[in-house]
There are 2 protein chains.
Amino acid sequence: MPDSKVPNVAIKRLPVYLRVLEDLNKADVSVVSSVEMARRTGFSSEQIRKDLAYFGAFGTRGVGYSTDVLIERLRRILGLNRQVPAVLVGAGNLGRALARYNLERHADVRIVVIFDNDPLKIGTRVRDLDVKPVSDLEREVVRRKVRMGIIAVPAAAAQEMATRLVKSGVRALLNFAPLNLRVDPEIYVQNIDLSIELQSLAYYTSQVPGDRDFDDR
Amino acid sequence: MPDSKVPNVAIKRLPVYLRVLEDLNKADVSVVSSVEMARRTGFSSEQIRKDLAYFGAFGTRGVGYSTDVLIERLRRILGLNRQVPAVLVGAGNLGRALARYNLERHADVRIVVIFDNDPLKIGTRVRDLDVKPVSDLEREVVRRKVRMGIIAVPAAAAQEMATRLVKSGVRALLNFAPLNLRVDPEIYVQNIDLSIELQSLAYYTSQVPGDRDFDDR
C-alpha cells in the first residue's frame, strides 16, 4: 500500500533502480551491491539503501541485493506487476511524439486511448490507436478503469481536461501544459514543462568563468 | 553569478515565478504579494520568499513585489536578459516535437541547430532549421558559442553526444535518453525520462482504497 511517509523523490528513484537491476539481470548478474548500484545510477549508496529500507531491508550485509528478488519487489511496490493503462489527452506534436515513444516500447505503462478536440485529428491514428473525441473521455476512462492521465494540450484547455480526468477516476497526472493544475490534494501531479526546464538550465549556462573572453578556439 | 549555495530545486522554481509575474504584468498588475504568488504557483508563500531572498530581498513588507522589478531581476538571474541558444541532438519523433514546440514560441531559450546521424533525416527541415550531420557538431557548437544541449537520441548514442557537447563548450544538458550520463561535476544535467516518469506515476495509481471494489459507476 502507498506509504505516505515515503517522499516523492524516493518514489521517483525506484524506477531508476529497477532499470539498472533489469539490465544486470539480463547480463546474468544475480547479486548486486548498493555501491555498484550507486555507480550505475549516480545516486549515493547510502541514498539507495535508505530508499529501499522504506519498503523493508532486502539486502544481505556484505553481499548485496538479489537482482531477481529486488526486481520483483520494486515492480510490486510501483504497481508494475501488471500493465498499467494510461490515457493521453492532446494529439498535437508533443502528444503524438509521446504516444509513439510509448507505443514503440514494450512499456509497462501503456497509453490505451488518445483524445483530442480537433476534428482534423479525431479519427487519425498514432501507431495502432485511433484519436478519439474528447467527448468520449469520461466513458472511456471509466470503462477501461484508467487511473493515469497524460495531459499534452495547450494551457487554456489543461485545467478542464484535468478536472474531467479526475472526476472519471484518474489518480495521477503527468502534465506537460505550462500551468499549475488545481486538483484535490490526494491526486498526484507531476509537471514536465519544457520551457521551464530550458529556462532553469539557462541559469547554469549564463555565467561561466571568463564568459567575456570566450573565443572560437 | 551562479551561487553554489542556491539549491537546484530553488533555481527550478524561478522560471515558474517568472511566468506568473509576466502574466500579471500583461494584466497590468504592478505589485504582487507572496501570498498571491503562492496561490498562482502552488508553492507556499514562505518558500517563495525564501527562494527570492537567496538573491536579495526585493519585496516591500506589507506591500509585495513590484512585478516589473522582479521580472527584470529574475531574467538577469536566469541569464534570460538575452536570448540563449541551445543545440538539439536527435531528430526523431521526440526531438522533432521538442524542436517544433520550441520554435513555435517566442522562446527566450531557442534551439539554433539540430543534429542527427541518420542520412534520411540530415537535410530535412524542422520549421526553419535544417537537420545537420552529427559530424558538424563540434564546429557548430563552438562557432555559435552554445552552452546548452538537448539530447534526444537513443540511450546507446547519448553518452558520446554528451561528451562531445561538453568538450565543445556546453555547460548544461537536458537529457531525454534513458541513462545516467557521466560528465564532469561542474556540468549541470537535468534528466527527463518519460518511462521513469510514467513508472513512478504508477505508484500513485496502483493501490487505491477499495481497489478491488472499483466498479463502472
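Predicted model, so just to flag it, every value in this text is computed and none were measured. Chain letters run A, B, ... following the sequence lines, proteins first and then strands; every chain starts at 1.
Here B/Arg19 is the residue among B/Lys12, B/Arg19, B/Arg40 with the most heavy-atom pairs under 4.5 Å with chain A. Per-residue heavy-atom pair counts under 4.5 Å with chain B were compared for A/Val20, A/Val84, A/Leu98, A/Leu201, and the maximum is reached by A/Leu201. Note: B/Ile192 leads B/Leu179, B/Ile192, B/Val170 in heavy-atom pairs under 4.5 Å with chain A. Contact tally against chain B (heavy-atom pairs below 4.5 Å) for A/Leu173, A/Asn81, A/Asp23: the top residue is A/Leu173. Heavy-atom pairs under 4.5 Å with chain A peak, among B/Leu94, B/Val109, B/Val189, B/Leu18, at B/Val109.
For chain A, no part of B/Arg96 is nearby; none of its heavy atoms comes within less than 4.5 Å. Heavy atoms closer than 4.5 Å to chain A are found in both the backbone and the side chain of B/Val16. Heavy-atom distances place no part of B/Arg13 under 4.5 Å from chain A, backbone and side chain included. Contacts between B/Ile187 and chain A at a heavy-atom distance below 4.5 Å are absent for every atom of the residue. Only the side chain of B/Asn102 comes within contact range of chain A, judged by heavy atoms closer than 4.5 Å. For chain A, the nearby part of B/Glu104 is the side chain; its heavy atoms alone come within less than 4.5 Å. Interface residue B/Ile196: backbone and side-chain heavy atoms are both found under 4.5 Å from chain A. Contact of B/Asp193 with chain A is made through the side chain alone, with heavy-atom distances under 4.5 Å. Of the two parts of B/Leu80, only the side chain, counted from C-beta on, holds a non-hydrogen atom closer than 4.5 Å to a non-hydrogen atom of chain A. Neither the backbone nor the side chain of B/Leu181 comes within contact range of chain A, judged by heavy atoms closer than 4.5 Å.
Here the closest non-hydrogen pair linking A/Arg182 and B/Arg39 is NH2-O, 3.1 Å. Taking both residues in full, the closest heavy atoms of B/Ser200 and A/Pro15 are given as N-CG, 3.7 Å, listed atom of the first, atom of the second, then distance. Residues B/Leu198 and A/Ile150 come closest through the heavy atom pair CD2-CD1, 3.8 Å.
Atom CG of A/Asp108 and atom OG of B/Ser195 lie 8.0 Å apart (nearest 0.5 Å). Distance CD/A/Glu197 to CG/B/Leu174: 6.0 Å, rounded to 0.5 Å. B/Leu78 contributes atom CG, which lies 7.0 Å from atom CD of A/Gln199 (distance to the nearest 0.5 angstrom). Atom CD of residue B/Gln190 and atom OH of residue A/Tyr204 lie 8.5 Å apart, to the nearest 0.5 angstrom.
Counting only distance, with no hydrogens or angles, the side chain of B/Asn180 and the backbone of A/Thr41 share a donor-acceptor pair below 3.5 Å.
The aromatic rings of B/Phe55 and A/Tyr203 sit perpendicular to each other, their planes meeting at more than 60°, with 30° as the lower class boundary.
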